[in-house]
Amino acid sequence: MTDPFSIDLLTNYLLVGAALFALGMLGFVSRRNLIVMFLSAEMMLQGVGLSLVAFGRFHGNWTGQVFTIVILTVAACEASIAMALIVVLYNRKESLDVTLWQEVREEGVGPTDLVDEATQAAPLEHEDGIETYPTLTPAGLEPAHPIQPWTERRR
Amino acid sequence: MGFFVDNIWLVPACPLVGGLFAGFVARRVKIDPFAPVAIGVGLAFLLSLAAYAAADPEKTVVVSRWIEAGSFVVPLEFRVDGLSTLMLSMVTFISFLVVVFAGGYMAGDPGYPRFFAEIGLFVFSMTGLVLSNNYVLTYAFWEGVGVCSYLLIGFWYAKPAAAAAAVKAFLVNRLGDIGFALAIFWLWTVVPNHDLSYQNVLADSTLQSLPEAARWGIPLLLFWAATAKSAQLPLYVWLPDAMEGPTPVSALIHAATMVTAGVYLIARSTPLIALSPEVQLLIATIGCLTALLAALIALTQNDLKRVMAYSTVSQLGYMFMALGSGVGSLARLAIVAGMFHLFTHAFFKALLFLASGSVMHSMGDVIDMRRFRGLRRRMPYTCWTFALGALALAGIFPTAGFWSKDEVLVALGAAPHASREIGFGMGWLYGPLYWLAMLTAFLTAFYTFRAFFMTFWGPEKLPGPDDPEAPPAPVAAHDHGHDHEDHAADAHGHGHHEIGLESPAIMTYPMIVLAAGALLVGLLFGPTGLFEGHLEHTLGFESLPAAGHAFTWTTPIVSTIVALAGIALAFVMYAEPSDLPARVAAAVRPLYRASLNKFHVDEIYDGTVMALLRGFTLGSRIFDVKVIGGLVQGVANVPWAAAKDVLAKYQNGLIQFYAAASALSVAVLLWLLLFT
Amino acid sequence: MTDDATFTLATLGVLSGAIGTYLLLPHRRGRAKARTLYVAGGLFAALGLLGFLLLLTPPALSPLGELVSGAFFYVFAAGALGCGVMTVTSRNPVYSALWFAGTVIATAGLFLLADAQFLAAGTVIVYAGAIVVTFLFVIMLAQMEGKAVYDRAARTPGRAVFTSFLLLWSLAYCLVGLSGSYRPDAAGPEAAAEDRLHPGRELGPHFFQEATGAGVRVVLDKALRPTSSLFAEDRGDSDAAILKPNVAGLGEALYADHLVTVELAGSLLFAALIAAVLIADPRPTRKRGETA
């Protein structure tokens, strides 16, 4: 009587989970877009969930899956609140750059102002190739719409 | 009777419950806070009477366990013997009358419930003090009395003078408490079994086994404690200021509940004190000096209540004279004399204070005797009850004061002889003390009736705002900054009624009852031997030597003549307004100034003790701020300085940096775990 | 594979993965990178991925089922990691989100292989369906202009790569050593199922000792039945352990053993819903006492 899910298989799952976790960490630390940072955080959660499921399967009980479901729930909550916060932050500074938000630093420490460096260093002209962004084909005339106060605030 | 004695704890409990009820419940259930306290104290008085009838020197009642630490056991234990039941009855009776009086006097005051709650607590503490059966419990209640007096003297806490007086009373009492505490510590080390109950400490075997130093050291420390509580030299200074509180409180403090505690302690410890005639002589000397000094100060005071306050100090001096004269075979006579004087004094001093309060109440909170005069027709009850009290204070036959003061003088007069009997060389000093006491009796009669005549005799005059002695009119209704000669009508709730009327019945009836007491208790208890007979039921009393003292006519006759002379002189000088007092004052101007300024005792204390203390405080402060504070700051500055230069720049407020730092830490930690 | 070989392989794989990822990441100051750099980065990353996959224990070859599932495991693992790298390194956040959806789908496949069918479906629905869509929605809302400087610039890419790949390397090293060092109790799935994860269940009979009525007993038996095991009670003739039906078993575990957890999670969702609505409300907050 054997269980096909051996310890070696468990190790495989754990390795993949650890890799996902590390990649998420890399994204969270290195990317400056708030949304991409949160995507990376979700990726870390994916890695953890994978490990938990594998552990549960290895031990032959449901606890790992139950825990993963809880993580799923928490991730959903986190995503919703994070999106709300990001919208608010964007409304404040019209930017998703996380480096704009370093007011809580120690007194006398200058800001790590990468925005200015970037604008000085990088020409923003249109380039072909991998730097090209997709463009939407114009679809007729834009309908006239009343300007709402909340759209105005963002401008 | 047995039930009441076995449940003697009810006596302190009743006022306590009444006070708590008045303080916390009464207003919510719409009951006058006066009622529960009056009922509680009245019940306590009735219970005390039952206990009085059943006094037994060996009777103790254990109420509950209290402190139990190894061999050191202090139960909550009460003793129902002659001395305690006597004090109990007196305290509860006077307190009951004062509470009734206060029901009228304090009406309309914003702190009315608080007042009665504190009074209840005060009576609780004092009854507990006289009932308790060991020094530790006595000490606990002793402190309770001190706290309550602080609360009540500072009752009008918004008034700076009252707040200062309260603090002064509390601090001076603390000074005395040190003596009591040291006495208890010392007793603990020397008595068998570390048992501090009275029957153990005062037992003959214990007293005989005391080491030489303790035989005079402990009595000295106990007397130190008593000087503060009972306002003797050099710690009497708080008592005259204590009349900043409401008048009923003054009556309570001066007559029943506070100052008698010290006398009681010395009387209770007489078998211990009698071990050392030198200390007894010291007690008598201090008492005599206090009596004389206070009487001299009282001569010139213009504040009616202040005169009464100094007379209290003076009479307490008498009591200590009596207690101090108990050398050799006189011990029993001395206690009886001292306690008897305490007993009668409680009646007439309470009466005098209540009558003063009545005058003050009627005069719209004016108490300066120069601002009113000839009130005898307007306030007949107050006038005649005051007169009875004054007669008793002066010691005129047949009032209470005559009998008790006489006994004090007799004890003093017999002291030199008794000293010779036991070979106490310095006993001759009692002779001069006797004559100084006589002089004090003369002064007492004089200043008492000076006050009486100035207040009630002569042409009628009511206080007006244009009196030359009147304090400057307050600028605003709630100006508390001015001199509080008029006892802050604004702080006190009853400055609104018409002045010059006799006080209501709730105030005059207690005065009448007390006046009857002042007239009769001496006659009832003194010559009949009832008082002495009751005190014989006191612990350790039978072991004291009792000398059958022959009654002599000399002392009563001399003292009566002296007192009459004082009254007569007062009549001549003050019955009608004249310039005679001013001329006398001018003739002995330095003495007059000294007396009027209370011999500058407060200023002397301020210049010596207080200056020393202030210097010490300043030194401590400098030490604290510079040395200790500097040390702490210095230690705190080291990591701060280190962090400021090295670590602060990593605190850049960028969330990614923090995340990276923690991730790196985890990685490095893992790496370390793997490869070390 | 010997330990030394494993160590070398892990180091090499992680190192080349790190180099590749570094090359793929946006420039620190937002400069455009040459195409060759990207190609080299892709090569290195692929090499790293390959090394990493070699670290995994290969499946047994004999039963075809296991071979197939092992092959699928490699496919899904490679997909998840590749999509993960692309998520992290894409300059356009929209692409990032889409690559992340790929990661999620690959992970769902891994869940399937681990006999967690319900979770696989749930992950796809919740993550790829809901969360990624929300992210995309916000991206569209916020970045209507499209290009942004901060998307084309990474923050301290070198240090970040060093940190995360040091972490990965440490973890991998631990895990690869795990299979030789640790064995659970050899009694098989039965003993594994009897893991004492639910002491509360064993306490039940103590509390209800006095329950005598037949009805109470039936209810207790129903209520206190062991639900924690993945395996069916009745194994039949088969030698291998038979798993319970996934959704039924998971539901039973959720609603019998973890009822409070479920309720708590529901409350948390509700609270997050309210919070999100409140936080993102674009109308200005009205001060107290201010009239409308």
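Scope of the values below: all heavy atoms of this structure, side chains included, with no hydrogens, waters or symmetry mates. Computed from a predicted model, the values in this text were never measured in an experiment. Order of the sequence lines sets the chain letters (A, B, ...), proteins ahead of strands, with each chain counted from 1.
With B:Phe34 as reference, B:Phe116 is the one residue of B:Tyr105, B:Phe116, B:Phe115 to meet the ring pair (Phe, Tyr, Trp, His ring centres under 6.0 Å) rule.
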Report every donor-acceptor pair between chain B and chain C with a separation under 3.5 Å, backbone and side chains included.
from: B:Gln656; atom 1: OE1; to: C:Arg155; atom 2: NE; distance (Å): 3.4

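Taking C:Phe111 as the reference, nothing meets the ring pair (Phe, Tyr, Trp, His ring centres under 6.0 Å) condition, with sequence neighbours excluded. In this structure B:Arg65 satisfies the salt bridge (Lys or Arg N to Asp or Glu O under 4.0 Å) test together with B:Glu68, sequence neighbours excluded. Not counting sequence neighbours, B:Phe122 has no partner by the ring pair (Phe, Tyr, Trp, His ring centres under 6.0 Å) test.
Atom CZ of B:Phe170 is surrounded by more than 12 heavy atoms from other residues, nucleotides or ligands within 6.0 Å. Around the OH atom of B:Tyr112, the shell of radius 6.0 Å holds more than 12 heavy atoms that belong to other residues, nucleotides or ligands.
For chain C, the nearby parts of B:Ala663 are the backbone and the side chain; heavy atoms of each come within less than 4.5 Å. For chain B, no part of C:Leu168 is nearby; none of its heavy atoms comes within less than 4.5 Å.
Between B:Pro246 and B:Leu152, every side-chain heavy-atom pair lies at or beyond the 4.5 Å cut-off.
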